[in-house]
Amino acid sequence: MSESGPSGIRGVSVASAFAGMRSVAPVLFRAGCPDCRGRFELAAGALRLAIGASSRTTFYSFTCPECGASVRKPAGERIVELLTGGGVRTLRLHSTV
């Protein structure tokens with residue numbers, strides 16, 4: 001532990017703050033390909049989320065691991081929440097107007 005500061009509050013080391021934490025299993029997302037009809041699970045790193053100004057410009061995308069097709073699907077509020085919470089990389093699209 002570190003010494004007390006001027007306010008009398010004792011500092012906490014990084015090691016003690018994270019002591020007892022366990023590793024977390026990676027998040028997997030279920031997805032399907034409209035081209036080959038394959039169903040599979042994807043890690044967060046295999047997905048991309050684009051958040052636009054409207055529901056028409058908010059979507060997620062991935063490459064089908066079975067047929068190699070590029071897949072793009074709309075993402076509503078709940079999907080956006082799940083993907084961002086699961087660590088999917090997000091791109092925010094800005095309007096040019």
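Along the sequence shown, residues are numbered consecutively beginning with 1. All of these numbers come straight from a predicted model, not from anything done at the bench.
For the pairing with V88, the side chain to side chain contact (heavy atoms under 4.5 Å, CB included) check across L49, V27, L42 returns one residue only, L49.
When every heavy atom of L93 is checked against every heavy atom of A50, the shortest pair comes out as CD1-CB, 4.1 Å. For the residue pair F62 and A31, the shortest heavy atom distance occurs at CZ-CB, 3.9 Å. Here the shortest heavy-atom pairing between C67 and C33 reads SG-SG, 3.8 Å. The nearest pair of heavy atoms linking F40 to C64 is CE2-SG, 3.8 Å. For the residue pair G68 and T63, the shortest heavy atom distance occurs at O-CG2, 3.6 Å. Counting all heavy atoms, side chain and backbone alike, V71 lies closest to P34 at CG1-CD, 3.8 Å.
Side-chain heavy atoms closer than 4.5 Å link hydrophobic residues (I, L, V, M, F, W, Y) into clusters, and following such links, even through other members, never connects V80 to L82. Connection of L91 to F59 is established within a shared hydrophobic cluster, with ILVMFWY side chains joined at heavy-atom distances below 4.5 Å, either directly or through further cluster members.
A distance-only check finds no donor-acceptor pair linking the side chain of R78 to the backbone of A75 [under 3.5 Å].
Residues T90 and I51 are in side-chain contact: their nearest non-hydrogen atoms beyond the backbone lie under 4.5 Å apart.
Here the straight-line distance linking atom OG1 of T58 with atom CZ of R92 works out to 9.0 Å at 0.5 Å rounding. Taken from CZ in R30 to CD in E41, the straight-line distance is 6.5 Å, to the nearest 0.5 Å. Here the CG-CD distance, from D35 to E66, works out to 11.5 Å after rounding to the nearest 0.5 Å.
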What verdict does the side chain to side chain contact (heavy atoms under 4.5 Å, CB included) test give for S70 and S61, after you've listed the backbone C-alpha separation in whole Å, the side-chain angles of each residue and the deciding distance to 0.1 Å? CA-CA 7 Å; S70 294; S61 61; over 6 Å; no

